[in-house]
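In this text the structure is predicted, and so the values were computed from the model without any measurement.
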Amino acid sequence: MKRTLAPTTAQANTLFFVTVLLTLLGSSVFASRLGMGTNLWINEFVYILLPPLLLAKLQGWPLEGVYKLRGTSVKNCLLSILAGVSLWLTASYVTQITRLFLDKAFGGLILDEAVQSLESTPYQIYLFLMGTVILAPICEEIFFRGFVQAAYERYSPRYGYIITGILFGSYHALNGISDVVPATILGVAMGYLAHRTGSLAPAMLFHAAANMTSMFSGFLGIFHSNQMAGWMHLAAPAALVLTVFLLRRVQGEPATDESEPQSREALGGILFLVLAVLLFAVVGVLEILLRLGRLTSW
């Protein structure tokens, strides 16, 4: 294996495709047999966290410098948590709008009964909650904002975090079409935090805050009706403005890794990126067919 000073886009796109494929295949096997909670832990540990850590070990990359595993100020952490809660409201609004459109255009989405029963057991609920609030923010931030963004910032130092946010949102097509755009919005914000501070800590806290707010709203049943609450039309854009204000208050603490090249790196691994897009397209078509009643299970 050829050694590099930092992740390349070829490595990032290749591992991104592998992660998407393993998540899709693994979930199709384990979700209905072991439960959604157990499946989530397998996804996060094995398919998302392990590949970039293993590659860093083989390449000899320092995790602190390459993956931004360093600390930041308390102020940045607090601002990131508030921004995560705030932007979640905007993202949830987009999710609800998209879901209502899909329900009207193609019919409602009904989960397989076996999956629902396994997910509703206390043990699976516990695993799912812990995995969503604690494990996912750590593992996914190391993969996307640590590994993938490090590669794309070598290709496009100014817009690398935006490209990574789009890939992050695309990955959430595996959760459903309605999650793609909201996850992209959140992903860009988390990428900005990592880019701005040179640390994954703010992005992890942002991620955890958004997921925790999502879990809390799920228990309250705020966004599970078939109609959009009128107050959301005002609250969502207001939350977006508040988030921008909070993010602009974050103090810049750029990383000082002298091994990173100053010149623009060529984009590599295009084939694997295209294959990943094709997988997402297949997943989207399957969801639409399921909504139309052409498939009997998800």
Side-chain angles (χ1 to χ4, degrees), residues 7-34 36 38-55 91 94-95 98-99 101-102 105-106 109-112 115 131-132 136 139-149 151-152 155 160-188 190-191 267-292 294-298:
T8 65
T9 52
Q11 293 167 336
N13 290 337
T14 301
L15 278 192
F16 179 67
F17 168 73
V18 171
T19 297
V20 171
L21 182 61
L22 290 177
T23 302
L24 183 60
L25 295 178
S27 296
S28 66
V29 174
F30 297 125
S32 60
R33 291 172 172 80
L34 302 180
M36 295 298 291
T38 303
N39 181 69
L40 175 61
W41 280 65
I42 294 174
N43 288 346
E44 298 294 338
F45 267 124
V46 181
Y47 311 143
I48 296 177
L49 180 62
L50 182 60
L53 293 184
L54 181 59
L55 184 60
V94 176
T95 299
T98 307
R99 185 178 295 122
F101 168 77
L102 292 172
F106 305 107
L109 186 60
I110 301 176
L111 294 176
D112 184 84
V115 174
T132 300
C139 297
E140 292 178 15
E141 292 313 302
I142 290 176
F143 183 89
F144 284 99
R145 255 59 64 178
F147 169 60
V148 176
Q149 185 164 316
Y152 271 95
Y155 166 69
Y161 70 89
I162 298 177
I163 299 172
T164 304
I166 295 173
L167 293 178
F168 178 76
S170 300
Y171 179 79
H172 283 73
L174 302 181
N175 293 337
I177 298 175
S178 60
D179 282 354
V180 174
V181 175
T184 299
I185 295 173
L186 294 172
V188 170
M190 291 184 285
L267 182 63
I270 299 297
L271 174 60
F272 290 101
L273 200 57
V274 171
L275 290 175
V277 171
L278 292 177
L279 281 179
F280 294 140
V282 170
V283 170
V285 170
L286 290 176
E287 179 179 335
I288 292 176
L289 291 176
L290 184 62
R291 288 176 175 274
L292 292 173
R294 305 291 179 83
L295 296 177
T296 57
S297 63
W298 179 240

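Ala276 and Phe16 get closest at one heavy-atom pair: CB-CE2, 3.9 Å. Considering every non-hydrogen atom in both Cys139 and Ile48, the closest pair reads O-CG2, 3.5 Å. Across all their heavy atoms, Val283 and Leu174 have their closest contact at CG2-CD2, 3.8 Å. What you find for Ser178 and Arg99 is that their closest heavy atoms are OG-NH2, 3.9 Å. Counting all heavy atoms, side chain and backbone alike, Val188 lies closest to Tyr161 at O-CD1, 3.6 Å. Contact detail for Asn13 and Tyr152: the closest heavy-atom pair is OD1-OH, 2.6 Å.
In this structure, Thr184 OG1 and His172 NE2 are separated by 9.0 Å, a value rounded to the nearest 0.5 Å. The distance from the CH2 atom of Trp41 to the CG atom of Leu49 is 11.5 Å, given to the nearest 0.5 Å. One distance of note links CG of Leu167 with CG of Leu273; it measures 6.0 Å at 0.5 Å rounding. Rounded to the nearest 0.5 angstrom, Met36 CE and Thr132 OG1 are separated by 9.5 Å. Note that the CG atom of Asn43 and the CG atom of Leu24 stand 10.0 Å from one another [nearest 0.5 Å]. Going from atom OG1 of Thr14 over to atom CG of Leu275 covers 10.0 Å, rounded to the nearest 0.5 Å.
Under the 30°/60° scheme for interplanar angles, the aromatic rings of Phe272 and Phe17 are found to be tilted.
Side-chain contact check for Leu15 versus Val148: every heavy-atom pair is 4.5 Å or farther apart.
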*What do the steps show when you test Leu286 against Val282 for side-chain contact (heavy atoms from CB on, under 4.5 Å), and what is the final call?*
CA-CA 6 Å; Leu286 290 176; Val282 170; 4.0 Å; yes
*Any chance you could lay out the side-chain contact (heavy atoms from CB on, under 4.5 Å) test for Phe280 and Val20, step after step, and finish with the verdict?*
CA-CA 9 Å; Phe280 294 140; Val20 171; 3.7 Å; yes
*asked:* The test is side-chain hydrogen bond (donor to acceptor under 3.5 Å, both in side chains); show your working for Ser27 and Asn39 and say whether it passes.
replied: CA-CA 6 Å; Ser27 296; Asn39 181 69; 3.2 Å; yes
_Residue pair Ile142, Phe147: steps toward the side-chain contact (heavy atoms from CB on, under 4.5 Å) verdict_ = CA-CA 6 Å; Ile142 290 176; Phe147 169 60; 5.8 Å; no
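Distance alone, capped at 3.5 Å, is enough to place a donor-acceptor pair between the Gln11 side chain and the Thr8 backbone. Listed for the Gln149 side chain is a donor-acceptor partner under 3.5 Å among the backbone atoms of Gly191. Looking at Ser28, its side chain does come within 3.5 Å of a backbone N or O of Leu25 through a donor-acceptor pair. One N or O on the side chain of Thr19 and one on the backbone of Tyr47 form a donor-acceptor pair closer than 3.5 Å. Between the side chain of Thr9 and the main chain of Gly268, a donor-acceptor pair closer than 3.5 Å is present. A distance-only check finds a donor-acceptor pair linking the side chain of Glu287 to the backbone of Ile177 [under 3.5 Å].
Within the 6.0 Å centre-distance limit, the rings of Tyr171 and Phe144 are counted as a close aromatic pair.
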